[in-house]
Amino acid sequence: MLPDFAGDPATRYNGPAQDWQDMTGEDDNQFRAARLDKLGQLKALGVDPYPYAFARSAEAGVLEERYADLAPDSVTADRVAVAGRVRAMRNGGMFIDLHDSSGKIQIFSDKKLLSEQQLAVVRLLDLGDIIGVEGIVRRTRRGELTVNATEVAVLAKALLPLPEKYHGLADVETRYRQRYLDLIVNEDSRAVLRQRSRIIASIRRRLVERGFLEVETPMLQAIPGGAAAKPFITHHNALDIDLYLRISPELFLKRLLVGGLSDKLFEINRNFRNEGISPRHNPEFTLLELYQAYVDYEAMMEMTEHLVTEAALTAGSTTRIVYGGKAIELAAPWRRAPMAALVLEHTGIDFLAIDSAAVARAAARRLGIELADTADWGHALYAVFNTRVESLLIEPIHVTGFPREISPLTKTDRNDPRLTERFESFINGWEIANAYSELNDPQEQLVRFQAQMRERELGDEDAQRLDADFVTALEHGMPPAGGLGIGIDRLVMLLTDSPSIRDVIAFPTLRPKG
RNA sequence: GAGCCCGUAGCUCAGCCGGUAGAGCACUUGACUUUUAAUCAAGGGGUCGCGGGUUCGAAUCCCGCCGGGCUCACCA
């Protein structure tokens with residue numbers, strides 16, 4: 001059923017109406033009420049609790065380094081201005097732990113240095129407030145680097161309390177729904193998302209170094225192509241047409257290759273697949289996709305190893321990682337093995353010796369694998385690989401020899417017409433990369449699309465759709481090329497030892513709370 | 001979509017062979033100018049996810065629903 005886009009514009013986009021009229025109403029919450037009272041007192045003192053800016057001169061982490069050699073119980077003449085969130089107060093506000101994104105600095109509220117008005121402000125502070133402090137750097141007798149406050153400014157009064165200061169926030173649902181709380185109190189969560197950013201920066205840097213051009217292609221597509229997956233449907237009002245959120249950027253990146261925008265291009269961006277959610281699947285996920293003209297898929301193996309090992313070195317110090325207690329060595333070169341050989345190794349079935357779809361189906365079914373009666377040789381082989389082999393591929397491996405039937409955008413294997421020049425790279429049993437010698441023969445591409453359309457008609461909703469405009473683009477000539485896709489979220493999971501894809505996505509998809 | 005598990009104060013958790021709710025942190029008030037999970041004293045705070053059932057009595061047992069987690073299916 002299509003969503004109904006008619007109706008009241010005010011309620012069109014956000015689902016059930018929010019109780020927006022009551023949001024600033026009565027205080028049902030003792031913590032908020034107490035803080036609102038303090039907010040009023042601050043204003044009565046002439047303090048703006050939400051000022052525009054603060055002239056910060058130093059971050060906590062920088063001070064920690066700069067004064068590493070400052071002896072305990074010594075005072076400098078250095079005046080600094082720091083800012084951050086109040087995370088702890090001791091002795092009635094005399095000592096404050098101020099956290100910024102670089103670390104922690106202690107604030108000392110000295111009666112002798114602060115005015116009566118300033119001391120009153122300090123008394124009105126709460127845990128969670130964002131403040132700015134100017135003062136003198138010293139190290140206490142107990143060795144804590146400290147700023148002796150001469151000025152204390154409220155930069156943002158917090159009206160709600162933070163989670164428990166010692167145990168942090170453990171409830172996974174709250175961690176995902178209110179990620180900001182998770183980030184404030186859980187250092188590990190901050191670390192993972194920072195690592196994500198560094199890993200993506202590493203990939204982008206390596207590609208740019210190698211002469212790749214970063215591009216952007218449509219998220220909204222009239223024909224969702226480039227992958228086998230169920231798309232999200234949306235609607236454009238002015239054109240009055242349904243559009244799909246892309247499941248892959250592939251067909252558009254290839255159009256740019258046809259156009260010669262660059263012989264080396266890449267995109268790092270979101271894709272959307274309307275499928276199940278699991279610890280390894282989020283409906284929107286980030287994919288690196290790159291194309292390099294005049295090379296084949298062998299070059300993509302080297303590229304995969306390069307990007308993954310460089311990312312690992314960015315996230316850690318070696319190519320040896322530990323995921324879920326398992327040590328995995330990512331150093332190149334990775335093992336390479338054909339799919340059929342792996343299936344033979346793990347099941348004893350030699351699909352390459354099977355020459356009919358019926359025999360292939362029977363072989364797969366003997367292993368307990370369910371297959372439609374229309375399943376062909378390639379689907380049977382892949383089903384066996386998928387269910388019996390994939391999860392065993394812990395150490396990095398490039399699996400080659402993908403069947404033609406499941407690889408409609410890939411050049412046929414130059415030595416075996418049943419196969420294609422495609423590989424997927426697996427680490428920890430997960431597909432991390434998918435790469436081809438890209439099919440650039442427009443007539444064969446059309447035949448492949450037509451085979452996909454027949455599969456759709458036989459009931460395979462995920463079979464790829466014919467994109468006639470893409471075939472036309474190929475008719476204008478696309479250079480031979482290698483193409484590669486790497487799942488960024490899973491790569492970040494591996495490199496940060498994160499058990500769930502939700503841990504590496506700041507705002508994972510959740511059911512809206514009723 | 002199926003199975004299993006979970007939902008108690010703002011947070012972290014205890015209580016669960018049925019007798020009507022507790023701790024620590026946080027909060028409020030007070031003490032404290034060299035603390036750092038500060039400490040000490042006093043106090044406030046709960047439709048025990050929601051609804052129904054069984055029962056003299058339900059946080060506790062049963063059913064349904066909502067939300068979440070894991071596994072499986074889906075993701076060729």
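All figures in this text were calculated on a predicted structure; none of them were measured in a lab.
With a cut-off of 3.5 Å on both pairing distances, B:A38 has no Watson-Crick or G-U wobble partner at all. Nucleotide B:G7 is matched to B:C66 when pairs are restricted to Watson-Crick or G-U wobble geometry with both distances under 3.5 angstrom.
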If you restrict it to nitrogen or oxygen atoms, what contacts under 3.5 Å exist between nucleotides 28-32 of chain B and the protein, and what is each distance?
unit_1 : atom_1 : unit_2  : atom_2 : d
B:U28  : OP1    : A:Lys38 : NZ     : 2.6

Practice problem: Mark up nucleotides 1-11 of chain B, 5' to 3', with B wherever a protein heavy atom is under 4.0 angstrom from a base atom, S wherever such an atom reaches only the sugar-phosphate, and - elsewhere. | Solution: ---------BB

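A salt bridge links A:Glu144 with A:Lys104; the closest basic N to acidic carboxylate O contact falls under 4.0 Å. Classification of A:Asp503 and A:Arg175 as a salt-bridged pair holds, one side-chain N sitting under 4.0 Å from a carboxylate O.
Of the possible polar contacts, none joining the A:Arg422 side chain to the A:Phe402 backbone as a donor-acceptor pair under 3.5 Å is found. Under a 3.5 Å cut-off, the side chain of A:Asn434 and the backbone N or O of A:Glu424 do not form any donor-acceptor pair.
Between B:C17 and B:A59, the distance separating the two C1' atoms is 15 Å to the nearest Å.
The neighbour count for A:Glu444 CD, taken as heavy atoms of other residues, nucleotides or ligands under 6.0 Å away, is above 12.
Dashed line: the shortest gap from a side-chain N or O of A:Arg177 to OP1 or OP2 of B:G68 is under 4.0 Å. For the pair A:Arg502 and B:G69, the criterion of a side-chain N or O lying under 4.0 Å from OP1 or OP2 is met.
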